[in-house]
Amino acid sequence: MPIDKITPSVTEAVQGVKDGMTIMISGFGFAGVPNDLIHGVLDSGAKDLTVISNNAGTGTEGLAALVGSGRVTRIICSYPRSKGSDLFDARYAAGEIELELVPQGTLSERMRAAGAGIGGFFTPTGAGTELAAGKETRMIDGREYVLEAPLRADMALVQAQEADRWGNLLYRKAARNFGPVMAMAADLTVVQVKRIVALGEMDPEAVVTPGIFVDRVVHIDNNREWDI
Amino acid sequence: MPIDKITPSVTEAVQGVKDGMTIMISGFGFAGVPNDLIHGVLDSGAKDLTVISNNAGTGTEGLAALVGSGRVTRIICSYPRSKGSDLFDARYAAGEIELELVPQGTLSERMRAAGAGIGGFFTPTGAGTELAAGKETRMIDGREYVLEAPLRADMALVQAQEADRWGNLLYRKAARNFGPVMAMAADLTVVQVKRIVALGEMDPEAVVTPGIFVDRVVHIDNNREWDI
Amino acid sequence: MSVADLELGVTKLTRPQIARRAAELIPDGSFVNLGIGIPTLAANVMPAGKDVVLHSENGILGVGPTPPEAERDRDLINASKDYVTLLPGGSYCVHSDAFAMIRGGHLDLALLGAFEVAGNGDLANWTTGDRRFPPGVGGAMDLAVGAKAIWVLTDHTTKKGEPKIVNACKYPLTAKGVVKRIFTDLALIDLTEDGLLVREMVPGLTIDALQAVTEPKLALAEDWQELAAA
Amino acid sequence: MSVADLELGVTKLTRPQIARRAAELIPDGSFVNLGIGIPTLAANVMPAGKDVVLHSENGILGVGPTPPEAERDRDLINASKDYVTLLPGGSYCVHSDAFAMIRGGHLDLALLGAFEVAGNGDLANWTTGDRRFPPGVGGAMDLAVGAKAIWVLTDHTTKKGEPKIVNACKYPLTAKGVVKRIFTDLALIDLTEDGLLVREMVPGLTIDALQAVTEPKLALAEDWQELAAA
């Protein structure tokens, strides 16, 4: 039976999302955010979610809408506050959302570790700062390192440019950002793409995320302008 | 002044190689081995070398010639013995070369760690085996992991397909193998390529090794059939 | 018939036949690594219509069968250094990513060779400890701990007729307790919580004859079948 | 002239002028990251003919200047979420590789903003500790420990006229002892083993006037020059 990861709708793509899940969401600023999938999760009604994403959403839609809905009890990110992050800011000020702030390089490296079967790694980032408080440290070659744990998720929502039925992915410009490491680090990786191509159409030298890391693909070409 | 990493000859490309250096050499089996650069090192007369490569050379040329010359006192690899690895086998049997055997995934992950500024990482690979003897271990989520250190080199010799003057690299098929991680992990990365292209000619989405990891590029298109 | 065949009075499977039987049982849609030795032969005997993605740890996903001699490409070899092809949908990656797939638990299955397999699933396949010959671990330890399931493909006995399925490995271990299923030239055996369960045997073989060349205690599945050469 | 300018009786550099002076001193051929704030402005004021490769931690190497409004691409923004372009020779990468470049010591230089810099090179630029506002660390801690050299680009004082170059940071640290050079709207100061050395000052400024808005003891370089606005 041919492998076919292409799913007909957003609803089916996010099927299985449940209360209490940890969900990774790709994107950096407004580039590479899987807005349709995020609204799929919002429509599912799932609550008590932990979201892992670089930012905490801006504007009124996408990640900001999810955070603003009150269904996210905890967010793990590197840079929550931006111009337009009012929905997050209000929840934070009201003590309604827990924030785990992670240095940005540590954030993606922890995802890669989870995806690559690494049990933990020593990084110099954050050594001697508040963000390393309570963490194991070690001097290695005269330099202080912090031990960081892998970061995995129940589900990853990723935005990419092109996919084929095996789930191979190509991205576009700086919208690539966290997509490839999140795809590795989640039990269920769901991807929204702008274009579906035939198997074998992608240059095998240029595939960025091979299908082994992808579970479901949904084609979204509505080109909707999101308020994010 | 324009950045230009293209070097006119193998001799100039390997300039600076010295006795006692640790040298990474790309390739897996006969695919992706930088034979011209290896012979450049051989011609330099440098000795007491430590070589890091997946295999230990086969046939009479390339890595086998370097190992067979007696200038390599130590080799770090995952799979030294293959059909045709007679030059290595003889040195090994005679106790003339020290072998550090590293599980293959640990080998490239240690290189990546060195290149990515990671001070060490926990891997489940090798836990409870002879290859973890003497290494720190730790139970993480009920599973045994081994702490592995980054692996760096003074020089990396890499074979790639295409380069531009910034040192951006494309590889070809399974000849890619260790090239990209070795390029990250060495103080001086020297690359032999079959084709030089103009800056901007490579697809920015498809660049595999960005020029930041490359120091020197030499154009070799002799298509010589090596006995390896 | 070889001497061993004569002794047992049965026709053993050939190496490609062992590989074929394993290939038949790979679940559709699986991502699978084929180790050096008998396992790599599976790429050439994959049942038609089965959509399995083969992984090679030197950086290939979607490995296809051996090419005709005229189409060999020195840049396209598998982990056994044999010439291979790439299927549509296949891709290349850096070595460290190929092992991220392995260690990260993304492979459904790895088919590996073995020097010895113990009844508890311990695997020894990287060194005989003979100091005259250099050992070679390759990707065996990563695959053994990383793939979701490990199947071993091996001759049932050594060339001298000694059991390779043993009570405890004498050779240095590759990994502890990882083997789930063994395909040999005589039988298909599952390693279960209750011990070794024989699922299939070659025609004419008895469980007693199989037990005689196997160290750990064997049980015969109620629904056992003939292990037919395809 | 602002109140502060009037107080000091000098014309301060504008933010683009601070960025321009730093850009002029970046060695040819360097790989450089530009942090949020004044540093990102350097991409638009790079001296002609200087071959510098700009890195953006969201996954771009070879960042070019801001595009005209009609050519903005929502998939091509820098770490400050500003629209940028890609130079010929530039490339995109996954986020974790962008940070491998940073942490692995492959960047020659990072230009960062600061809340405070201490005389010993300590940097504070990620939180004021005010619990009413969420903190944001971004890539600051990775850049601070990873780049071969850290230059800080900042106003010399806070809006209230208080020193930002201090004896000891009051805000939580980003990293210890990493800053090598500070570009302000008043001066260019090197952090040396012997303390702070003023290399350049804006026209009309005296070392005493500069010292009055700087906590740690300043020394004036023998060959100090006027910090000219380009």
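Here is the naming used below: chain letters follow the sequence lines, and residue numbers restart at 1 for every chain. Side chains included, hydrogens not; waters and symmetry mates left out as well; all remaining heavy atoms used.
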*Looking at side-chain heavy atoms only, is the closest gap between B:Ile228 and C:Arg74 below 4.5 Å?*
yes

_Side chains of C:Asp142 and B:Thr106 in contact at under 4.5 Å (non-hydrogen atoms)_ = yes

*Output the option from C:Gly136, C:Gly138, C:Ser91 having the highest count of non-hydrogen pairs under 4.5 Å with chain B.*
C:Gly138

*Flag the pair C:Phe99 / B:Arg112 as yes when at least one side-chain heavy-atom distance between them is below 4.5 Å, and no otherwise.*
no

_Between B:Ser85, B:Ala175, B:Ser82, who has the most heavy-atom pairs with chain C when the cutoff is under 4.5 Å?_
B:Ala175

*Are any of the side-chain heavy atoms of C:Ser96 and B:Met111 separated by less than 4.5 Å?*
no

*Give, as side chain, backbone, both or neither, the part of C:Thr174 having an atom under 4.5 angstrom from any heavy atom of chain B.*
backbone

*Measure distances from C:Arg103 to the heavy atoms of chain B and classify the residue's part below 4.5 Å as side chain, backbone, both or neither.*
side chain

*Supply the atom-to-atom distance B:Phe28 CZ to C:Glu57 CD, rounded to the nearest 0.5 angstrom.*
5.5 Å

*Would you find more than 12 non-hydrogen atoms of other residues, nucleotides or ligands less than 6.0 Å from B:Lys47 atom NZ?*
no

*Let me know if B:Phe88 has heavy atoms under 4.5 Å from chain C in its side chain, its backbone, both or neither.*
side chain

*When heavy-atom pairs shorter than 4.5 Å are enumerated against chain C, which of B:Leu131, B:Leu99, B:Val181 gives the highest number?*
B:Leu131

*Working to the nearest 0.5 Å, report the span between CE of C:Met141 and OG1 of B:Thr125.*
9.0 Å

_Minimum heavy-atom distance between C:Asp75 and B:Gly32, given as atom pair plus value_ = OD1-N, 4.4 Å

*Between C:Tyr83 and B:Phe30, does the ring centre distance come in under 6.0 Å?*
yes

_Least distance between heavy atoms, C:Pro135 atom then B:Tyr92 atom_ = CD-OH, 3.7 Å

*Find out whether C:His95 and B:Arg176 are in side-chain contact, i.e. whether some heavy atom of one side chain is under 4.5 Å from a heavy atom of the other.*
no

*Contact origin within B:Phe178 toward chain C - heavy atom pairs under 4.5 Å*: both

*Side chain from CB out, backbone as N, CA, C, O: work out which of these in C:Leu123 comes under 4.5 Å of a heavy atom of chain B, or both, or neither.*
neither

*Which region of C:Lys176, side chain (C-beta onward) or backbone (N, CA, C, O), has a non-hydrogen atom less than 4.5 Å from a non-hydrogen atom of chain B, or is it both or neither?*
side chain

*asked:* Working to the nearest 0.5 angstrom, can you tell me the gap between B:Tyr79 OH and C:Lys81 NZ?
replied: 6.5 Å

_Looking at B:Asp141, I want to see if its CG is surrounded by more than 12 non-hydrogen atoms of other residues, nucleotides or ligands under 6.0 Å._
no

*Nearest atoms (heavy-atom pairs only) where B:Ala31 meets C:Ile77*: CB-CD1, 3.9 Å

*Which bit of C:Ala98 is near chain B, if near means a heavy-atom gap under 4.5 Å: side chain, backbone, both or neither?*
neither

*Beyond-backbone contact of C:Asp73 with B:Lys173, side-chain heavy atoms, under 4.5 angstrom*: yes

*Side chains of B:Leu101 and C:Trp126 in contact at under 4.5 Å (non-hydrogen atoms)*: yes

_Any heavy-atom pair between the side chains of C:Val94 and B:Val208 that's under 4.5 Å?_
no

*Between B:Thr209, B:Asn54, B:Asn177, which has the largest tally of heavy atom pairs under 4.5 Å with chain C?*
B:Asn177

*Relative to chain C, which segment of B:Ile97 carries a heavy atom at a distance below 4.5 Å: side chain, backbone, both, or neither?*
neither

*asked:* At a heavy-atom distance under 4.5 Å, which candidate from B:Ser78, B:Gly179, B:Gly126, B:Pro80 has the highest pair count against chain C?
replied: B:Ser78

*Compare every heavy atom of C:Pro172 with every heavy atom of B:Glu130, then report the nearest pair and how far apart it is.*
OE2-CG, 3.3 Å

